[in-house]
Amino acid sequence: MSTETIKSLSVFFPCYNEQDNIERVAASAVDVLESLGIDFEIIIVNDGSRDNTAQIADKLASQGKNIKAVHHQTNLGYGSALQSGFKAATKEYVFYTDGDGQFDIKELPLLFEYVPDYDIVTGCRIKRQDSLVRKINAFCWTTFVNILFGMKIKDMDCAFKLYKRAIFDDIKMKSTGALINTEIFARAKNKGYKVFQLGVHHYPRTAGTQTGAKLTVILRAFKELFALYKQIKSDK
Ligand code: UDP
Ligand code: MG
């Protein structure tokens with residue numbers, strides 16, 4: 001494994017009400033990135049949290065460990081949080097994982113050996129720690145959008161992804177909700193970007209509340225999906 005190809009990296013975490021997770025997640029990222037010896041920045045994207053996430057993010061940002069905080073005044077949704085993270089990123093590569101600690105950032109270096117041959121390196125959860133209903137929903141969703149956009153992504157919404165940052169100068173995203181990952185993959189495919197997929201571990205949430213399975217989140221994803229499908233067809 002080599003880190004020679006990655007000289008600088010932005011790492012960000014979308015966070016909605018993650019006051020009991022974000023400190024531990026950010027500390028683990030600092031440890032991993034310092035040990036790799038690369039130029040890095042960490043961005044905490046506070047998506048309008050109603051708990052103390054904002055205060056904790058600002059406190060971490062004031063401690064001089066290459067941590068920045070980006071705040072949404074209100075909760076704008078997962079896609080908006082990812083968009084703000086990509087926009088705030090300044091380094092050559094950008095990686096994100098969730099601010100709830102369901103992934104282990106120590107696995108980040110596993111992704112490095114696939115750049116620069118690939119533009120996106122994306123995780124696939126080895127044993128997804130979610131309910132059976134959620135796993136069935138995710139399987140149906142992934143199968144459906146893969147067919148719709150002619151893709152072969154195994155785990156669409158796995159929150160463990162590394163990108164060449166320049167991709168986001170080229171791809172403009174519109175999704176504000178959970179459709180965001182599908183949108184990025186579909187637009188990246190149209191532009192000919194190459195994707196590598198590899199297994200990563202997934203852990204149960206130990207604090208805070210998940211919102212990814214809410215009906216409003218699913219309905220918003222379908223609404224945004226129709227708009228995306230029309231745009232992508234007209235772009236061709
Ligand atoms: N999140 C966010 N904005 C939202 C909803 C979620 O930034 O409107 C964050 C959340 O704090 C977490 C990540 O996105 O870090 C994934 O959310 P969640 O854990 O609820 O989804 P799941 O892991 O269950 O798919
Ligand atoms: Mg989660």
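Ligands are counted one by one from 1 in listed order, and the atoms in each one are counted from 1 as well.
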Heavy atoms only: which of R128, H202, Q102, K214 is nearest to atom 23 (O) of ligand 1? Q102
What are the atoms of ligand 1, with element, lying closer than 4.0 Å to any heavy atom of Q210? 20 (O), 24 (O)
Return yes if some donor-acceptor pair links the side-chain N/O of Q102 with the main-chain N/O of P204 below 3.5 Å, else return no. no
Counting non-hydrogen protein atoms only, what is the nearest one to atom 25 (O) of ligand 1? Give residue, atom name and distance. R134 NH2, 2.7 Å
The closest protein heavy-atom partner of atom 11 (O) of ligand 1 is E18 OE2, 2.5 Å
Part of N75 within contact of ligand 1 (heavy atoms, under 4.0 Å): side chain
So do K135 and R125 actually touch side chain to side chain, heavy atoms under 4.5 Å? no
Nitrogen or oxygen of T209 less than 3.5 angstrom from that of ligand 1: no
In terms of heavy-atom contacts, does NZ of K172 have more than 12 from other residues, nucleotides or ligands at under 6.0 Å? yes
Give the residue, atom name and distance (to 0.1 Å) of the protein heavy atom nearest atom 19 (O) of ligand 1. D100 OD2, 2.7 Å
Got a salt bridge between R205 and E18, using NZ or NE/NH1/NH2 to carboxylate O under 4.0 Å? yes
Look up atom CG in D104 and atom OH in Y203, then write down how far apart they are to the nearest 0.5 Å. 5.0 Å
Over all atoms of both residues, closest heavy-atom pair of G85 and I43: O-CD1, 4.3 Å
Quick one: nearest non-hydrogen protein atom to atom 7 (O) of ligand 1, plus distance? C15 N, 3.4 Å
Identify whether the distance between the nearest side-chain nitrogen and carboxylate oxygen of E34 and K65 falls below 4.0 Å. no
Report the distance from atom CG of L9 to atom CG of L162, rounding to the nearest 0.5 Å. 6.5 Å
2.8 Å cut-off met by an N, O or S atom of Q210 to the Mg ion (ligand 2): no
Least distance between heavy atoms, Q19 atom then T53 atom: N-OG1, 3.1 Å
What is the closest protein heavy atom to atom 9 (C) of ligand 1, and at what distance does it sit? P14 O, 3.6 Å
Considering heavy atoms of the protein only, find what lies nearest to atom 5 (C) of ligand 1 and give residue, atom and distance to 0.1 Å. T211 OG1, 3.2 Å
K7 with E92: basic N within carboxylate O range, under 4.0 Å: no
Look only at the side chain of D47 and the backbone of G77, and say whether a donor-acceptor pair between them is shorter than 3.5 Å. yes
Per-atom contacts of ligand 1 with R205, taking only distances under 4.0 Å to non-hydrogen atoms: 18 (P), 19 (O), 20 (O)
Among N, O or S atoms, D100 approaches the Mg ion (ligand 2) most closely through OD2
If the cut-off is 4.0 Å to any non-hydrogen atom of G99, which atoms of ligand 1 fall inside it? 15 (O)
Provide the number and element of each atom of ligand 1 under 4.0 Å from a heavy atom of D47. 2 (C), 3 (N), 4 (C), 7 (O), 8 (O)
At under 4.0 Å between heavy atoms, is it the side chain or the backbone of D98 that contacts ligand 1, or both, or neither? both
Under 4.0 Å from any heavy atom of A81, which atoms of ligand 1 are there? 7 (O)
Nearest protein heavy atom to atom 1 (N) of ligand 1, by residue and atom, and its distance? Y16 CB, 3.7 Å
